K.L.:
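For reference, the structure I am asking about is given below.
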Amino acid sequence: MKKIVIIPAYNESGSILETIRDINENAPGFDHIVINDCSKDNTLELCRENGIHILNLPINLGIGGAVQTGYTYAYNNGYDYAVQFDGDGQHDAAYLQMMADTMEKEDVDMVIGSRFIENEGFQSSTVRRIGIRFFTFLIRLLFGKKITDATSGMRMCNRRVMELFIKDYPIDYPEPETTSRLLRHKYKVKEVPVVMRERQAGVSSIGTFNKQAYYMIKVSLAIIIERLR
């Protein structure tokens, strides 16, 4: 199986080198590609200086556009599995092979790394945990499947899912919406327990109260609309 790690990066100069080191040391069977989403810091220069494979977007597309670019690259280059992986140091590459093994052995379309199966490691803030639990409730209500960590950015998919995503992918906050889309289309989605860390550098895109409120409303409506399609 050809496997690749997709790393969307916007101003990740403080953690990108450590992220790549983690992948090289703990997931040697995976290639990787950094999608530089028009960073304003020296993320691009660091990657080039250190020989890291990188696609440099000419304009900022946001997380959805960056990840979709990665899926397009993976699909067009014949990869069997592609995994989204944060560039801020939160994710642990030691779990990637286990996720790939689960994909293959259980013949599922997407494997999600969840913080909330064994509740170990960094569990996010109280406010965000409340939001995640609400998404768990909403997805279970509408699609009949319990997803404990719908906002997880550590997600591995097969070529069938890649093909779906390169045709249509949300611009922002895509994880709960696309998970709902897969469930609506009867794709097989499975969660596995992982341990995540606190962000090593940079700032969250939903750090303020107004952004958190927008996030909850936008994502909730997107999940509901997905059910009504």
Side-chain angles (χ1 to χ4, degrees), residues 1-37 43 46-47 50 52-54 63 66-67 70-71 74 79-106 108-126 128-129 131-132 135-136 147-158 161 173-176 178-179 189-206:
M1 292 289 183
K2 286 183 66 179
K3 306 180 291 290
I4 189 168
V5 182
I6 298 168
I7 309 160
Y10 179 71
N11 295 343
E12 301 289 8
S13 61
S15 55
I16 194 64
L17 295 184
E18 179 60 25
T19 297
I20 299 300
R21 183 203 63 77
D22 181 28
I23 295 169
N24 288 336
E25 291 186 1
N26 296 303
F30 287 75
D31 295 336
H32 58 263
I33 184 76
V34 174
I35 312 298
N36 181 48
D37 194 19
T43 297
L46 279 175
C47 289
N50 288 274
I52 296 169
H53 301 291
I54 187 165
I63 181 63
V67 171
Y71 284 134
Y79 284 95
D80 300 289
Y81 297 158
V83 58
Q84 181 182 337
F85 197 85
D86 287 354
D88 59 13
Q90 291 192 77
H91 297 161
D92 188 342
Y95 292 98
L96 293 180
Q97 187 57 53
M98 177 269 290
M99 294 174 71
D101 291 342
T102 301
M103 289 274 292
E104 185 172 5
K105 292 176 181 178
E106 301 194 25
V108 295
D109 297 298
M110 174 174 278
V111 173
I112 301 173
S114 172
R115 293 162 281 188
F116 305 118
I117 295 176
E118 296 183 350
N119 292 309
E120 296 180 358
F122 179 62
Q123 300 287 291
S124 193
S125 67
T126 301
R128 292 190 186 181
R129 287 201 302 273
I132 292 168
F135 295 146
T136 296
I147 302 294
T148 65
D149 200 353
T151 67
S152 172
M154 191 176 183
R155 311 190 304 163
M156 184 177 293
C157 66
N158 61 15
V161 174
Y173 315 131
E175 289 83 9
T178 51
T179 299
V189 179
K190 180 180 178 63
E191 288 188 297
V192 294
V194 299
V195 175
M196 295 188 186
R197 302 176 284 244
E198 289 192 64
R199 165 188 295 275
Q200 304 300 300
V203 295
S204 170
S205 62
I206 54 171

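We're numbering straight along the sequence, starting at 1. Since we're looking at a predicted model, the values are computed, not measured.
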K.L.:
Sequence neighbours excluded, which residues qualify as ring pair (Phe, Tyr, Trp, His ring centres under 6.0 Å) partners of Phe135?
P.N.:
Tyr215
K.L.:
May I ask you to test the Ile112-Val189 pair for a side-chain heavy-atom distance under 4.5 Å?
P.N.:
yes
K.L.:
Taking the side chain as everything from C-beta on, heavy atoms only, tell me whether Ile63 gets closer than 4.5 Å to Pro174.
P.N.:
yes
K.L.:
Drop me the distance from Thr43's OG1 to Asn36's CG, to the nearest 0.5 angstrom.
P.N.:
6.0 Å
K.L.:
Please give me the minimum heavy-atom distance between Cys47 and Ile16, naming the atom from each residue.
P.N.:
SG-CG1, 4.1 Å
K.L.:
Stepwise, does the side chain to side chain contact (heavy atoms under 4.5 Å, CB included) test hold for Tyr79 with Asp31?
P.N.:
CA-CA 10 Å; Tyr79 284 95; Asp31 295 336; 2.6 Å; yes
K.L.:
Kindly write out the residues that satisfy side chain to side chain donor-acceptor pair (under 3.5 Å) with Ser152, not counting sequence neighbours, or none if the list is empty.
P.N.:
none
K.L.:
Kindly list each side-chain donor-acceptor pair under 3.5 angstrom involving residues 97-104, sequence neighbours excluded, with atom names and distances?
P.N.:
residue : atom : partner : partner atom : Å
Gln97   : NE2  : Asp101  : OD1          : 2.9
Thr102  : OG1  : Met98   : O            : 2.9

K.L.:
Assess the residue pair Met196 and His91 against the criterion (side chain to side chain contact (heavy atoms under 4.5 Å, CB included)); give the C-alpha distance rounded to whole Å, side-chain angles, the decisive distance to 0.1 Å, and a yes or no.
P.N.:
CA-CA 5 Å; Met196 295 188 186; His91 297 161; 3.7 Å; yes
K.L.:
Asp86: what forms a salt bridge (charged side-chain N to carboxylate O under 4.0 Å, His left out) with it, not counting sequence neighbours?
P.N.:
none
K.L.:
State which residue, out of Val111, Val83, Val192, Val195, fulfils the side chain to side chain contact (heavy atoms under 4.5 Å, CB included) condition with Tyr95.
P.N.:
Val195
K.L.:
Before you tell me yes or no, could you show the steps for Ile7 and Ile20 under side chain to side chain contact (heavy atoms under 4.5 Å, CB included), namely the whole-Å CA-CA distance, both residues' side-chain angles and the distance that decides it to 0.1 Å?
P.N.:
CA-CA 9 Å; Ile7 309 160; Ile20 299 300; 3.5 Å; yes
K.L.:
Does Asn26 have any side chain to side chain donor-acceptor pair (under 3.5 Å) partners at least two apart in sequence or in another chain, and if so, which?
P.N.:
Asp22
K.L.:
Looking at Phe30, is Lys3 sitting on its ring face, NZ or CZ under 6.0 Å from the six-membered ring centre and within 45 degrees of the normal?
P.N.:
yes
K.L.:
Residues in side-chain contact (heavy atoms from CB on, under 4.5 Å) with Leu17, at least two apart?
P.N.:
Leu46, Asn50, Ile52
K.L.:
Indicate yes or no: at least one non-hydrogen side-chain atom of Val34 is less than 4.5 angstrom from one of Thr19.
P.N.:
no
K.L.:
Output all residues satisfying side chain to side chain donor-acceptor pair (under 3.5 Å) with Thr179, sequence neighbours left out; order by chain, then residue number.
P.N.:
Arg155
K.L.:
Please report the shortest heavy-atom distance between Cys157 and Met110, naming the atom on each side.
P.N.:
CB-CE, 4.1 Å
K.L.:
Nearest 0.5 angstrom please: Ile6 CD1 to Ile33 CD1, how far?
P.N.:
9.0 Å
K.L.:
Can you tell me how far apart CD (Glu175) and CD1 (Ile147) are? Round to the nearest 0.5 Å.
P.N.:
13.0 Å
K.L.:
Could you tell me which residues satisfy salt bridge (charged side-chain N to carboxylate O under 4.0 Å, His left out) with Lys190, sequence neighbours excluded, listed by chain and number?
P.N.:
Glu106
K.L.:
Are side-chain heavy atoms of His32 and Phe85 found at a separation under 4.5 Å?
P.N.:
no
K.L.:
Which atom pair, heavy atoms only, marks the closest approach of Gly87 to Ser15?
P.N.:
O-OG, 2.7 Å
K.L.:
Taking all atoms of both residues into account, what is the closest heavy-atom pair of Pro8 and Val67, and its distance?
P.N.:
CG-CG2, 3.9 Å
K.L.:
Quick check: do Pro176 and Thr151 have side-chain heavy atoms less than 4.5 Å from each other?
P.N.:
yes
K.L.:
Got a sec, which residues hit salt bridge (charged side-chain N to carboxylate O under 4.0 Å, His left out) with Asp149, two or more places apart in sequence or on another chain?
P.N.:
Arg115
K.L.:
Can you name the side chain to side chain donor-acceptor pair (under 3.5 Å) partners of Thr148, sequence neighbours left out?
P.N.:
Ser114, Glu191
